[in-house]
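So the structure is just underneath, and the comments pick up after that.
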Amino acid sequence: MNNSAVLVIGGGIAGIQASIDLANLGFQVYLVERTPSIGGRMAQLDKTFPTNDCSICILAPKMIECASHKKVNLLTYSEVIEVEGRAGDFRVKILKKPRFVDMNRCTGCGECVENCPRRVPNEFNLFLDKRKAIYLLFPQAVPHKMTIDAQNCLYFLKGRCRLCEEVCLAKAIDFEQEEKIVELSVGAIILATGFDPFDVSALKEYGYGEIKNVITGLEFERLISASGPTSGELERPSDKKPPQVIAFIQCVGSRDVNYNPYCSAVCCMHATKEAILAGEHYPGLRSFVFYTDLRAAGKRFQEYINRAKEEYGVTYIRARPGKITAKDGRPIIWYEETLFKEGEERKVRKMEVDLVVLCQALVPHGSHQEVTRKLGIELDEMGFIRIPDRLSRPVDTSVEGVFACGFCQGPQDIPDSVIQASGAAARVAELLTVERM
Amino acid sequence: MEQELREIVRKLLQEGAIEHFIGYAEGVEPLHTTPCFIEREEEVGALVWSPFCPYNLARYLHQMKNGAGKVGLVVKGCDARAIVELVKGNQIQRERVVVVGVPCQGQVDLAKVEEAFQGAEAVEDAGDTFLVTVGEEGHSVEKERLLREKCFFCKHPISFEYDFVLGEMSPFLLDRRSELEFAMIEEMESLPVEERRAFWRAQFERCSRCYACRDICYACYCQECIFESRAPRWLEKTTTSLDNQTYHLIRAWHMVGRCIDCGECERVCPMEIPLRQLYKKVEREVEQLFDYEAGMRVEDLPPLVTFQVDDLGLVI
Amino acid sequence: MAKRRIGVFVCYCGNNIGGIVRVPEVVEYARCLPNVVYAEGSLYACSEEGLSSIKAKIAAYGLDRVVVASCTPRTHETLFRNACEEAGLNRYLFEFVNVREHCSWIHMRAPDEATEKAKSLIKMGVAKSYYLEPQEELESEVYPEALVIGGGVAGMTAALNLAQQGLKVHLIEREKELGGLLSQVNKLFPANRDVKEIFDPLAEGVKNHPLITIYLGSEVEGVEGFIGNFKVRITRVEGEIKVGTIIVATGGRELKPIGQYGYPTVANVLTQLELEGRLKEGIDGWQSVVMINCVGARVTGRFYCGRFCCLTAMKNAILIKEGNPQAKVYILLQDVMASGVEAERYYRRSMERGVRFIRYDPISPPQILGERQAEGVKVYHALIGREVILPAQMVVLTTPLVPQADNERLSKMLKVPLGSEGFFLEAHLKLRPIEFATDGIYLCGSARYPSDIAESVSQAYAASAKAAIPMRQGLVRVEAITAFSQERLCHGCGNCLRVCPFGAIELKGSERGGKVAWVNAAQCKGCGCCVAACPNGAMQQRSFSDQQLMAMIEALVEEVSSGP
Amino acid sequence: MALDDKPTILIFACNWCSYAGADLAGVSRLEMPPNCRVVRVMCSARVRPEFVIAALSRGLDGVVILGCHPGDCHYSEGNYYTWRRALLLKGFLEYVGIEPGRFQLRWISASEGARFAQTITEITDTIKALGPNGRRRPQEG
């Protein structure tokens, strides 16, 4: 019972922070990340509220710090497939998917990417553009090594090509690479598996997928990002022109008993940020935010909302639109305002806009299910990890020795996630120190 | 006023309140004074005050940092602001300096006197005018004709920082404040960039890098001047116009928030480079952008060691 | 000038650099630069082969400075520095030149220009490297005891966690008892558990822990020192205590809305905290209660939202309804702040229990009816669009937590900042929420911003983790890019310390009299702002000295002067 | 005014945002004129105005400081000092006849590779249009 190694599952900002703190506290950390790079959702954000800090500017140094820490062992492109045991003594099996690239040889130079003939939809940019079959998840990816996406690689599909191999002077391409199982023994586990955007096409009335100029909040984020598919030019899908009027619809799939009854916690501020960014980018652009409650309860949030109203002409309308239709490609929002001044008439109104952004609900990512099932960790009815005693033990799951931080245990923003991540590290330190003593 | 001054100094020395007093004494030539150090009561008779006291005596306080005693000195408005700056810059402790303020009526520009009244023997302050004596003749002259330019536009002829003050302010002093203070700056700015460049290149061309401007400056209290540094060498050894430009621009940069327009640099420049026209620019920018005037209050933070988030809205 | 033995390694990076920049020509050029005794091209400088070659050449040619021209220092500097160190060369005698991201990759169609630019960049790098100095990374010891200021739920949680990690803790509480705001509260959402259930085990744990020393009725009087080595004076305690880290957990206090809605002159107008007191005593027969939210919050002068007040109001409303299901309980509010899963569920639950929510417009706030005694509340019901009059046997004002009155005093003692609202200001709102910019001092709970119990506890754990790190490591190590003051040149003007964001500089007496600046390298983060603020170059930065940067400028100037 | 084909421009870039932005421009293979030389400093506030003065007086054609966007500074407030210094310095250099385009301060974040490329292109064009500076300038009337 003196295992001072810790497994962290999920390489988003929460997992990264937990890993750095644990490593600094003296623990050996194994950070398992499903995709080829750590960074998680925060890497996809353009800026962050309420400071409008550039997301990657503040995240990248943390990613590098985490990866270069002597006590952090990064297991990217990997998944936990088995786990058993109890606090102080967990045994874990991790599947390392083949990258078909020798991590020791690859220098991340990108010559292979230049030469790869196969273009496939780019998941990092929410399929708004294409990447190659051999790729770096995003320019600042850590580790800075390439990955061959075997499902799309011509060699794997048709048995020939191998152009990447030809051009790689470092001889890093290895088509023979196979899956590997890594077995670990750890004293504690931290879950930090984050969220997925809810699939808004379920809400037929909002026309996502039908009406071109209806997009999701995360798509908007990539569009406005300087490193996104349009280099930060906000192009509406129909004609690639910048919009002049944008509507943000809140609680799409959230606070809705038909889908997710809970509040996703970040969308009000997220939409406000996007409206501000759009306003900064295109002076004169107008934004309307259709909200249920304007939840701006964090430090500097109200001030941020005020700024949006005063400096960027963002208008907040308390309404839950009933439907979105389209006329000549322009979306029309049908809504009834639920707050009104004395004497105003109550009626259904229409608003024609250039672009609609659906601020979708955020749902648990679900990649923790394997682990939670095997260890009998309780989830709540939404699939978030249940925290039995939130008041005294806000990062402890129902199983001793397993902790959860960030969005996987309930909707929250970045500061709360890094707080919980550090908090989880403190709990691990407490557990494994007490165990030792 | 001189009598009053001598009495104060005598008393200070008598009480042992100061180790010495820095003031002005008659110069060897007419219309000149010289800085003097009074250490004994019997010397106080040497102290004078006239419109010929250009020296910024605060310059003599640099050495005080290392001692422990108290020093007294007589200051004009501009010099008093120098004292405030020296306190801010931790070069002196205010409580170790006994400041005797004079309501300066403005200093006379010797060159102007020379030009208008060759051989003038005396210039006396007669309230609204100067009385110039040339041989037997007396001329009453409007003050503006003889005042140093910087005095004519002086905003703060008497300082807010003093322990004793001599005499009273005259009405003339009070409404001397002028919108024209920065006129010469604006004039320069209105020129096309090539002309400004040509003007300053020509000025810098003349500089012989004698460092008189630096050596006379109250604000040049660095332990070792940056221009003496060999690692790195900020100046090349030549005195081409461009090397001199480096010198003057860096020096002007170091004047940000410090220059109190005593005008000593320009007065002592043997090549007659219009240095005030350089430093005044700095002064105006700081005032306009950051609402800062050097030497006003000890609590004011110098403009380059503080910031406001609102600064981002500023443009030149 | 002293001779140097500089080695230059130019990376081809496969074709990434070599395909555009004519590397052999660049190597030839580098070899002819002053003080360069060796230069070579390398297929991949960062590969095993590349690194071995660098190490071998350091030994073979007695290189005393190494310049690698390849990609970006942001990702590869550590790698090359390590290689130098392995070859016995101080790791700070390495200089990086970026000829990939900043050259070959951005001039792919201009090989001639790219080649010339690579030469020029290398010339600058070599010029800088001449002036590089070996550096030792400063290590300073961390005394393994912590000070926790504030004995509320956050402070107690942090103290207990640290102690459980085997670290000694000094816990200071200004009141005579531990507990802070928590001890005044009745029940806690979302399960409406009794405060005792949380409070008692925590307080017992803290009181009984052998590693925790509690100072009740005490306050901090003075703090000196820096991370690892703070000396703290405490009221009623002789001498000083020495600690390595400090956690600020001083909490907040409930705003008393004097002068609003008749408070405190109208007898049946209370605040939520006062209501909690009444509820503790037990309630009987309350028929109608009106709660008004956002009193003193989200208003001009106090923009912020109290974060958990909506939930407090719901909790007390539910408790009243539980006491008397027939009671009419109204909450007048603007937005329902109930983020996440549990809060939203709690909100639904309160509606199911019959609590009525009415949205008011802050432009026409509710009005209390009655003079000495509130009898009702008149409010414009924004959802139905008309004014309504609600019966009110009691009116409860929901007010936010506000900063402690003595935050300013403490902030000055600790040399950490306050934000505009008066709460303590963290190092970074997003990624460093519970740290101060000053190392060794951390922050949790409502001292930072109103936080409910769960949040305070989370933050307390986080602050504890941060504080434990240096204490468990036993020392702090600083990259040698810190500033230092050359006493010989310093005239003590103090510009440097005024611009330092980390309070790392102070003025000390000098031997020759007067004051001189002194940098505590343990606190310096190496931004170099102080260096630029120093008029005569007395302040310098390791690895980015004036001389090094001027050497780069001079190298570039030389090129211009020798140009066409 | 005569076009200068080969101006030499010195760029100071802060490590955390602007240098990273420049790196991203490289990773994205964005073409730009080859006249700029980037010198890395930890924070834009490290740049002594004296460097700018010396560089321009010695004949470099332009000096540019790049820093994090306000509020993004890794050291929280460095770029505000940079802004004050640059504001004054700029006015001052112009006053003595150094064209405004020769000294500039811009904000570039780590995600703004394209903005970096665009800034470099713009600045190079501006400075080309100004013609050679200092030593390289043909003697004036």
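This one's a predicted model, so the numbers in the text were calculated from it and none came from an experiment. Sequence lines set the chain letters: A, B, ... in the order given, protein chains first and strands last, and positions in each chain run from 1.
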What part of [X] is in contact with chain C, defined as an atom under 4.5 angstrom from a non-hydrogen atom: side chain, backbone, both or neither?
X         : value
Phe49(A)  : both
Asn306(A) : side chain
Arg255(A) : both
Ile64(A)  : side chain
Gln412(A) : neither
Gln17(A)  : side chain

Separation between [atom1] of [X] and [atom2] of [Y], rounded to the nearest 0.5 Å:
X         : Y         : atom1 : atom2 : result
Asp293(A) : Gln334(C) : CG    : CD    : 11.0 Å
Ser422(A) : Ile469(C) : OG    : CD1   : 7.0 Å
Arg300(A) : Leu425(C) : CZ    : CG    : 6.0 Å
Glu430(A) : Leu160(C) : CD    : CG    : 6.0 Å
Leu431(A) : Gln164(C) : CG    : CD    : 10.5 Å

Under 4.5 Å from any heavy atom of chain A - which part of [X]:
X         : result
Leu182(C) : neither
Lys430(C) : both
His428(C) : side chain
Gln473(C) : side chain
Leu43(C)  : side chain
Ile434(C) : side chain
Glu197(C) : neither
Ser420(C) : both

Electrostatic pair [X]-[Y], nearest N-O below 4.0 angstrom:
X         : Y         : value
Arg390(A) : Asp452(C) : no
Arg432(C) : Asp21(A)  : no
Glu381(A) : Arg345(C) : yes
Lys299(A) : Glu421(C) : no
Glu303(A) : Arg298(C) : no
Arg295(A) : Asp335(C) : no

Full working for side chain to side chain contact (heavy atoms under 4.5 Å, CB included) between Tyr262(A) and Arg348(C):
CA-CA 10 Å; Tyr262(A) 59 85; Arg348(C) 280 171 203 280; over 6 Å; no
Does some side-chain heavy atom of [Y] sit less than 4.5 Å from a side-chain heavy atom of [X]?
X         : Y         : answer
Ser392(A) : Val457(C) : no
Leu339(A) : Asp361(C) : no
Asn15(C)  : Glu114(A) : no
Asp389(A) : Arg193(C) : yes
Gln420(A) : Tyr461(C) : no
Ile13(A)  : Leu431(C) : yes

If you count heavy-atom pairs under 4.5 Å between each of Gly110(A), Cys268(A), Gly423(A) and chain C, which one has the most?
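Highest number of heavy-atom pairs under 4.5 Å: Gly423(A).
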Choice from Arg393(A), Met382(A), Arg318(A) maximising heavy atom contacts with chain C below 4.5 Å:
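Counting heavy-atom pairs under 4.5 Å, the top option is Arg318(A).
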Do you know which two heavy atoms are closest between [X] and [Y], and how far apart they sit?
X         : Y         : answer
Ile419(A) : Pro433(C) : CG1-CG, 3.5 Å
Asn161(C) : Ala426(A) : ND2-O, 3.2 Å
Ala468(C) : Leu25(A)  : CB-CD2, 3.6 Å
Val341(C) : Asp380(A) : CG1-OD2, 4.0 Å
Tyr44(C)  : Cys109(A) : OH-SG, 4.2 Å
Ala297(A) : Met337(C) : CB-SD, 4.1 Å

Yes or no on side chain to side chain contact (heavy atoms under 4.5 Å, CB included) for Glu111(A) and Asn16(C), after CA distance, side-chain angles and deciding distance?
CA-CA 7 Å; Glu111(A) 194 67 35; Asn16(C) 283 288; 3.6 Å; yes
Please tell me whether Thr433(A) and Arg472(C) have a donor and an acceptor in their side chains that are separated by less than 3.5 angstrom.
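The criterion, which ignores hydrogens and geometry beyond distance, is satisfied for Arg472(C) and Thr433(A).
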Working for side chain to side chain contact (heavy atoms under 4.5 Å, CB included), residues Arg105(A) and Ser47(C):
CA-CA 7 Å; Arg105(A) 290 184 159 270; Ser47(C) 66; over 6 Å; no
Top contributor to chain A interface from [options] [non-hydrogen pairs under 4.5 Å]:
options                                   : answer
Tyr380(C), Tyr304(C), Phe423(C)           : Tyr380(C)
Ala454(C), Gly19(C), Cys305(C), Gly340(C) : Gly340(C)
Gly14(C), Ala338(C), Ser458(C), Ala463(C) : Ala338(C)
His76(C), Met471(C), His381(C), Glu342(C) : Glu342(C)
Arg448(C), Arg100(C), Arg74(C), Glu49(C)  : Arg448(C)

side-chain contact (heavy atoms from CB on, under 4.5 Å) partners of Phe357(C), counting only residues at least two apart:
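For Phe357(C) the side-chain contact (heavy atoms from CB on, under 4.5 Å) partners, ignoring immediate neighbours, are Met314(C), Ile331(C), Leu333(C), Tyr347(C), Ser350(C), Met351(C), Val355(C).
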Strictly distance-based, threshold 3.5 Å: is any side-chain N or O of Tyr449(C) a donor or acceptor partner for the main-chain N or O of Gly298(A)?
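Checked: pair present.
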